[in-house]
Amino acid sequence: MASVSPAAAVSGPHHGRFLLPSSPRRLPRPRPRPRLRLAACHADTLLSSSSPEARAPPTPAMGSSAESATDCFVDWLRKRGLPPGKVAIRERPVPCLLEGKDRPLRYVAAAGDLQAGDVAFEVPMSLVVTLERVLGDESVAELLTNNKLSELACLALYLMYEKKQGKDSFWYPYIKELDRHRGRGQLAVESPLLWSESEMGYLNGSPLKDEVVARDEAIRREYNELDTVWFMAGSLFQQYPFDIPTEAFPFEIFKQAFVAVQSCVVHLQKVSLARRFALVPLGPPLLTYKSNCKAMLTADGDSVRLVVDRPYTAGEPIIVWCGPQTNSRLVLNYGFVDEDNPFDRIAIEASLNTEDPQYQEKRMVAQRNGKLAIQNFNVYVGKEKEAVAEMLPYLRLGYISDPDEMQSTLSSEGDTCPVSPCTERAVLDQLVGYLESRLAGYPTTLGQDEAMLVDGSLEPKKEVATRLVRLEKKMLHACLQAVNEFINDLPDHTTAHTMKTVNMSNIIVLPDGSYHEDCQNLVNAQRSMLYMMATDMLIATLEGILKSNCSSVTRLSAGCGCVVVSCNAHKCASM
């Protein structure tokens with residue numbers, strides 16, 4: 001996600017915040033934001049026991065290994081009470097750079113034709129890993145998850161201990177299956193949490209790079225609390241009395257286990273806290289995630305079942321909903337991008353300028369209108385123009401000094417500024433500068449990304465990263481287009497920066513430079529009101545010159561990036 005910052009500032013988490021200008025100062029130019037920176041097996045193992053093929057002996061594993069990992073996993077499920085289902089475990093070859101080997105990914109597919117509403121499979125709760133099973137006492141589970149450790153950390157610790165037992169572990173076949181996937185998603189890519197430093201360069205310019213750093217730090221904090229779990233959870237203490245976690249497992253091993261659990265954990269609804277997060281055999285990573293699917297794994301009494309939401313033909317991968325997650329979160333958690341994700345978004349963060357003399361006043365006005373001093377705006381894919389329109393009232397606050405105007409500006413609806421076209425132009429120009437600066441933070445352009453994807457020669461991690469940043473850039477470009485459309489809707493010749501006589505006979509706008517000469521021109525100008533781009537020195541000089549010529553001259557207000565000075569006299573020689 002991202003953020004905005006100069007007058008009310010605009011930015012992304014990895015970018016500088018979009019800071020609103022301090023009234024009556026003129027909007028600063030946008031600054032560049034810093035960049036944050038096993039054994040092979042046969043391809044078709046049926047789980048359904050209703051056909052002769054399902055009851056036939058398994059096909060021998062390919063290669064030198066005498067044991068098929070798939071057969072081991074499926075046999076374990078059957079022997080432990082898996083009911084007959086309507087799915088099969090199949091394989092597809094994927095490129096893998098590990099040791100130069102091509103290790104296929106397994107996935108759950110329809111064993112035959114399915115109709116919407118069919119139960120694809122049902123897994124007994126005795127084969128599901130939950131905190132209730134791990135820690136034994138649900139009250140302990142609640143205590144742990146409400147303290148310093150997440151459910152994922154507890155599950156990862158449990159599986160690490162079980163893995164140390166090897167084939168003596170009840171979960172050995174399931175752990176081998178998880179090991180084989182190594183947290184890889186359906187595009188054969190693991191979470192960026194396990195990428196090398198050079199591979200992280202694929203994400204330059206993306207807010208995800210900062211999210212990876214933050215998640216890594218959070219995992220390390222949880223690692224440092226593992227011994228607390230070991231001492232508090234009696235079931236773990238009794239089962240592994242001499243294996244203090246941080247002594248038994250180095251951080252990198254724990255992080256790999258955490259990422260593997262993260263990629264396959266299921267969030268069950270309408271269950272106790274101790275059953276909320278579950279590892280379900282036949283669930284992820286064997287299932288295919290999609291954002292526009294409605295099928296979910298659900299708890300039903302003493303089992304977890306999957307009811308499909310669409311028809312399938314034999315061999316089609318079974319699809320489930322991954323929840324309302326952005327593409328950056330899908331990459332972080334599962335290592336894939338969904339091009340048709342209706343929940344994709346970027347964030348723009350705007351903030352009031354704390355150096356603004358009216359900061360407290362503006363902060364209170366913002367709060368009365370449901371906004372914060374640092375405000376996040378979500379930009380959803382396909383709704384970029386609506387998001388820009390939502391931001392504008394807040395961003396206008398940086399250019400307003402009159403309290404009544406602050407309230408009316410922030411509570412206004414629609415695309416047109418109720419105060420002044422030049423205020424609107426200043427706000428929109430600032431937003432253009434922010435969006436262009438943010439796009440410049442990526443090492444490649446949108447066109448270059450699309451060309452690389454069409455070429456089809458990218459290695460898997462770079463392809464996933466390129467797909468992600470391409471979608472981020474498309475949303476930023478759509479925002480930029482929306483801002484330019486708002487600019488085009490302003491009255492002709494509206495400007496916030498250049499010397500221009502506005503279409504009013506009593507107004508003149510001057511630039512920042514050569515202020516002595518400009519001020520003298522003001523003294524000689526026959527105008528009842530003057531607008532000027534403001535700097536502190538220029539304001540003081542202007543007021544001094546005008547007041548030395550007429551005691552009736554008063555400074556009224558600063559708005560739209562300009563200082564308004566008027567004379568109370570009906571005819572003033574100094575004006």
Side-chain angles (χ1 to χ4, degrees), residues 1-2 12-14 36 92 94-97 105 107 181-196 199-213 215 259-260 262-265 284-293 317-347 378-384 438-439 441-479:
M1 292 188 228
H14 65 304
L36 299 180
R92 56 172 172 261
V94 294
C96 181
L97 301 181
L105 278 180
Y107 63 97
H181 278 264
R182 303 193 319 275
R184 291 180 295 170
Q186 55 217 48
L187 297 180
V189 173
E190 59 268 89
S191 166
L193 287 163
L194 300 180
W195 293 11
S196 67
E199 289 166 340
M200 283 297 295
Y202 301 152
L203 296 173
N204 284 344
S206 172
L208 178 57
K209 196 168 183 180
D210 276 352
E211 292 182 41
V212 172
V213 173
R215 178 73 64 87
V259 170
Q262 166 187 278
S263 70
C264 59
V265 73
L286 295 173
L287 292 173
T288 301
Y289 273 140
K290 286 290 289 182
S291 300
N292 58 5
C293 175
I318 300 296
I319 297 172
V320 294
W321 187 46
C322 55
Q325 302 187 58
T326 64
N327 273 319
S328 63
R329 189 57 58 87
L330 293 179
V331 173
L332 181 60
N333 290 340
Y334 315 113
F336 80 96
V337 171
D338 186 351
E339 297 274 353
D340 302 316
N341 185 357
F343 304 102
D344 201 17
R345 67 180 183 271
I346 56 175
N378 287 322
V379 180
Y380 285 89
V381 60
K383 298 182 179 180
E384 292 85 357
R438 185 160 169 183
L439 284 166
Y442 293 94
T444 58
T445 65
L446 178 59
Q448 290 171 328
D449 293 340
E450 292 175 340
M452 285 189 289
L453 291 172
V454 169
D455 179 72
S457 61
L458 297 176
E459 62 99 353
K461 291 176 185 174
K462 188 168 186 179
E463 179 179 348
V464 167
T466 302
R467 289 187 182 279
L468 175 68
V469 298
R470 168 181 166 271
L471 293 173
E472 291 174 350
K473 293 172 194 175
K474 288 182 72 173
M475 284 186 276
L476 290 171
H477 277 288
C479 287

Does the [X] side chain pair with the main chain of [Y], one donor and one acceptor, at a distance under 3.5 Å?
{"X": "Q448", "Y": "L446", "value": "no"}
{"X": "D344", "Y": "N327", "value": "yes"}
{"X": "D340", "Y": "S291", "value": "no"}

Atom pair [atom1]/[atom2] of [X] and [Y] - distance to nearest 0.5 Å:
{"X": "I319", "Y": "N292", "atom1": "CD1", "atom2": "CG", "result": "7.5 Å"}
{"X": "M475", "Y": "R345", "atom1": "CE", "atom2": "CZ", "result": "9.5 Å"}
{"X": "L471", "Y": "T466", "atom1": "CG", "atom2": "OG1", "result": "11.0 Å"}

Problem set entry | Student check: side-chain heavy atoms of E190 and H181 closer than 4.5 Å | no
Exercise. Are V331 and F336 close enough that some pair of their side-chain heavy atoms sits under 4.5 Å apart?
Worked result: no
Exercise. Which residues satisfy the salt bridge (charged side-chain N to carboxylate O under 4.0 Å, His left out) test with K474, sequence neighbours excluded?
Worked result: none
Exercise. Mind checking what makes salt bridge (charged side-chain N to carboxylate O under 4.0 Å, His left out) contact with R467, not counting sequence neighbours?
Worked result: E339, E463
Set of side-chain contact (heavy atoms from CB on, under 4.5 Å) partners for [X], sequence neighbours left out:
{"X": "P317", "value": "Y107, T288"}
{"X": "P324", "value": "W321, F343"}
{"X": "A465", "value": "W195, Y202, L203"}
{"X": "S457", "value": "D455"}

Exercise. Would K462 and E199 pass as an ion pair if we require N to O under 4.0 Å?
Worked result: no
For this session: With side chain to side chain contact (heavy atoms under 4.5 Å, CB included) as the test, would you mind laying out the steps for L330 and V337 before giving the verdict?
Result: CA-CA 6 Å; L330 293 179; V337 171; over 6 Å; no
Measure across [X] and [Y] and return the closest heavy-atom pair with its distance rounded to 0.1 Å.
{"X": "S328", "Y": "L208", "result": "O-CD1, 3.6 Å"}
{"X": "L332", "Y": "P192", "result": "CA-CD, 3.9 Å"}
{"X": "P284", "Y": "S263", "result": "CB-O, 3.9 Å"}
{"X": "Y334", "Y": "Q262", "result": "CE2-O, 3.7 Å"}

For this session: Check the pair E211 / R329 against side chain to side chain contact (heavy atoms under 4.5 Å, CB included), numbers first and verdict last.
Result: CA-CA 9 Å; E211 292 182 41; R329 189 57 58 87; 4.0 Å; yes
For this session: Could you please spell out the steps behind the side chain to side chain contact (heavy atoms under 4.5 Å, CB included) verdict for L476 and I346?
Result: CA-CA 8 Å; L476 290 171; I346 56 175; 3.5 Å; yes
Seminar exercise, completed: Checking R470, E472, K473 against Y442 for side chain to side chain donor-acceptor pair (under 3.5 Å), the one that qualifies is E472
For this session: Start with the C-alpha distance between N333 and C322, add both sets of side-chain angles, then the distance that settles side chain to side chain contact (heavy atoms under 4.5 Å, CB included), and finish with yes or no.
Result: CA-CA 10 Å; N333 290 340; C322 55; over 6 Å; no
